[in-house]
Amino acid sequence: MSNDMKALDFCDVVLLNGPNLNLLGTREPDLYGADTLEDIETKLTVKAQELGLKLEARQTNFEGELVSLIQQSKSMGAKFLIINAAAYTHTSIAIRDAISAVDVAFIEVHLSNIYKRERFRHHSYLSDRAEAVICGFGAMGYDVALDYVIGKLKGSL
Ligand code: DQA
């Protein structure tokens, strides 16, 4: 874990975002929308908190750091991961292995519809392990993911 990455605290849900998602808001807004990552993280953190759940959010541009955060999720008691691994979705066996190793339920999120884009984005190393996959809804996809997680954790789903 790099020095400037804050270790996870005990929590119910972990929201992880991968490379280049720190640029949301200015990065190809036609594809990814106008919301910043801070907007998304704040909205989800507050919504979870209002329902008595603790959500921890982290973004990193580094593959190994995503692996470490996934490993920590389990030890920090997380029951669900919401993850947009960005480009690593299509390349990373290490992230797939980390998710298999911790055995924490997860929702895979993509802002854009990856199936409407280049062929190399059609394959995900994560989808066949995911409880659900959400793509093409823009930032709303994260809200849908959290609503599902809340439903599961509060027993209404
Ligand atoms: C993305 C889709 C990926 O193909 C891409 O590399 C990203 C973002 C999405 O949210 O639409 O960085 O995960």
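Every number for a ligand or one of its atoms is a count from 1 in the order of the listing. The model shown is predicted, which means the values in this text are computed figures rather than measured ones.
Contact detail for His90 and His123: the closest heavy-atom pair is ND1-O, 2.9 Å.
Remark: ligand 1 and Ala87 share an N or O pair separated by less than 3.5 Å (distance only, no angle test).
Each of the atoms 2 (C), 9 (C), 11 (O) of ligand 1 lies under 4.0 Å from some heavy atom of Ser112. Listed by number with element, the atoms of ligand 1 under 4.0 angstrom from any heavy atom of Ile114 are 2 (C). Within ligand 1, the atoms closer than 4.0 Å to a non-hydrogen atom of His90 are 3 (C), 4 (O), numbered from 1 in the order shown. Atoms of ligand 1 found under 4.0 Å from any heavy atom of Arg27 (numbered from 1 in listed order, with element): 7 (C), 12 (O).
If you chain together hydrophobic residues whose side chains sit under 4.5 Å apart, Ile99 and Leu66 fall into the same group.
Of all protein heavy atoms, the one lying nearest to atom 9 (C) of ligand 1 is Leu111 N, 3.4 Å. The protein heavy-atom contact nearest to atom 6 (O) of ligand 1 is Arg121 NH1, 3.0 Å.
At a 4.0 Å heavy-atom cut-off, ligand 1 touches His110 through backbone and side chain alike. Only the side chain of Asn84 comes within 4.0 Å of ligand 1, judged by heavy-atom distances.
No option in Arg121, His122, Lys116 other than Arg121 meets the side-chain hydrogen bond (donor to acceptor under 3.5 Å, both in side chains) test with Glu118.
A salt bridge does not link Lys54 to Asp12: none of the charged nitrogens lies less than 4.0 Å from a carboxylate oxygen.
Between the side chains of Glu108 and Thr89, no donor-acceptor pair is found at a separation under 3.5 Å. The closest side-chain donor-acceptor pair between Ser100 and Asp97, if any, does not fall under 3.5 angstrom.
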I would like to know whether Arg117 and Leu31 meet side-chain contact (heavy atoms from CB on, under 4.5 Å); could you show each step before the answer? CA-CA 10 Å; Arg117 301 181 63 192; Leu31 263 178; 3.4 Å; yes
